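What follows is a set of notes on a single structure, which appears directly below.
The chains referred to below are lettered A, B, ... by the order of the sequence lines, with proteins before strands, and numbering in each begins at 1. Being a predicted model, the structure only gives us computed values, none of them experimental.
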Amino acid sequence: MSSPAVQQPESVQVVEPTIPPAVPVTAPYNPPAPQASAPSASLYVGELDPTVTEAMLFEIFNMIGPVASIRVCRDAVTRRSLGYAYVNYLNAADGERALEQLNYSLIKNRACSSYLSRIMWSQRDPALRKTGQGNIFIKNLDEAIDNKALHDTFAAFGNVLSCKVATDEHGRSKGYGFVHYETAEAADNAIKSVNGMLLNDKKVYVGHHISRKERQSKLDEMKAQFTNLYIKNLDTEVTQEEFNELFNRFGNVTSALVATDEEGKSKGFGFVNYEKHEEAQKAVDELHDTDFHGKKLFVTRAQKKAEREEELRRSYEQAKIEKMSKYQGINLYIKNLEDDFDDEKLRAEFEPFGTITSCKVMRDDKGTSKGFGFVCFSSPDEATKAVAEMNNKMIGSQAAA
DNA sequence: TCTGAGCGT
């Protein structure tokens, strides 16, 4: 803010490359260029690094043919690049060639980092982009397949408006991507022809693109219509036959399994799948939390492994946050403890300041003190008092901190 | 396992 207002002309200024007198050929005194050139030769260049300037783009695009003008779009207030630009050629044919030759090529910034750009014809009508018509999704892509390779593979089925392989922060393929065709027919054709086929020896999936929101609601719908159940807290003496019998009462069971170890001993959980959702729901309603062979059954919708892992991860994170806020202001960290200092000695030192809810000297796997520990009080007042009194105080021969 | 982002003077 207070730094001297250094102007960085090249990052702000709109460079209108000077195209010698050739520009206003037909109507020298009419300010705007004849509309014939503008709409047909206007390219949209996306995925630009914010440091890319008009001048840098000019150098590249003017190699193809005479460029009429270039604009990097910027935030009205901050002037920061919005990451896309327009390149207007005088001749539509040059735009076509730029698409062929420069699309997916690297564009360098001043620091000489390279960025893949994505070039399309400027399409001011947002309708096509909004509807997702003709947009397809491809997964299980070999990691060697990049934007260009994807484009080349799918261009056989129709005009590709845009195409992209999803990548991680290092630019490595995530194994899936998108191809947006001009028409729905081209998309259908590509799906019919490529879905299930081998690309670089990998069997790819090709289907219509579904937006994240749509996808989630479909998933929720599927979850609501579950037929597969997960059962736990099953007495390990319960046999497969008894298990089957229990669940058969609620409908047509298509599969039922008590999980067992190598020796065939029950692991105390299992899965049951019904033909109909209503049957599965009934089994949950009637059996969950009921007594079976002396144990309270746990019966719920079975989760996919990934879904279960996601849930576990979330609850772990949540627990961590709760723990942190719970101990905020009442848990003390004490270091410089003598080696023979144990939990009891630590407690004895801090007991005078209040009620200690937990107290621990940390040790390595051999049981040797790490020289630090924690004391948790029941209230922040007590903890504050303990800090005031004990910080830097000598216990034995070392200072506690 | 994984279903983008995106259009001006």
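Within residues 175-202 of chain A, the residues having any heavy atom closer than 4.0 Å to DNA chain B are, in order of number, A/Y176, A/F178, A/H180. Applying a 4.0 Å cut-off to non-hydrogen atoms, the residues of residues 130-141 of chain A that approach DNA chain B are A/N135, A/F137, A/K139, A/N140, listed by residue number.
Whole-Å rounding puts the A/L219 CG to B/dT1 C1' distance at 13 Å. Rounding to whole angstrom units, OH of residue A/Y86 and P of B/dG6 are separated by 12 Å. One atom, CD of A/E47, and another, P of B/dC7, lie 12 Å apart when rounded to the nearest Å. The OH-C1' distance, from A/Y89 to B/dG8, rounds to 18 Å in whole Å. As rounded to whole Å, 10 Å separates atom P of B/dC7 from atom CZ of A/R118. With rounding to whole Å, A/I119 atom CD1 is found 15 Å from B/dC7 atom C1'. Atom CZ in A/R172 sits roughly 18 Å away from atom P in B/dC2 (whole-Å rounding). The nearest whole Å value for the distance from the CZ atom in A/R124 to the C1' atom in B/dG8 is 5 Å.
Listed by first and then second residue, the side-chain hydrogen bond (donor to acceptor under 3.5 Å, both in side chains) pairs involving residues 370-379 of chain A are A/S378-A/E382 (not counting sequence neighbours). Residue pairs meeting the salt bridge (charged side-chain N to carboxylate O under 4.0 Å, His left out) criterion with at least one member in residues 166-178 of chain A, sequence neighbours excluded, are A/E143-A/R172. Residue pairs meeting the ring-ring contact (aromatic ring centres under 6.0 Å, His included) criterion with at least one member in residues 195-230 of chain A, sequence neighbours excluded, are A/F178-A/H209, A/F226-A/H277, A/Y230-A/F271.
A distance below 6.0 Å separates the ring centres of A/Y44 and A/Y84.
Salt-bridge annotation for A/R97 and A/D94: present, with a side-chain N of the basic residue lying under 4.0 Å from a carboxylate O of the acidic one.
Within 4.0 Å (heavy atoms only), A/R212 reaches sugar-phosphate atoms of the nucleic acid but no base atom. Here A/K174 lies out of heavy-atom contact (under 4.0 Å) with every strand.
OP1 or OP2 of B/dT3 has at least one side-chain nitrogen or oxygen of A/R215 nearer than 4.0 Å.
With sequence neighbours excluded, the residues satisfying side chain to side chain donor-acceptor pair (under 3.5 Å) with A/E275 are A/N252. Applying the side chain to side chain contact (heavy atoms under 4.5 Å, CB included) criterion to A/E242, with sequence neighbours excluded, gives A/V238, A/T239, A/H293. Applying the side chain to side chain contact (heavy atoms under 4.5 Å, CB included) criterion to A/K366, with sequence neighbours excluded, gives A/D364, A/T368. Under the salt bridge (charged side-chain N to carboxylate O under 4.0 Å, His left out) criterion, A/R215 pairs with no residue, sequence neighbours left out.
With centres under 5.5 Å and a plane angle under 30° as the test, the ring of A/Y44 is not stacked against the base of B/dG6.
Between the side chain of A/S42 and the base of B/dG8, a donor-acceptor pair under 3.5 Å is found.
Glycosidic conformation of B/dG6 is anti; the angle lies outside 90° of 0.
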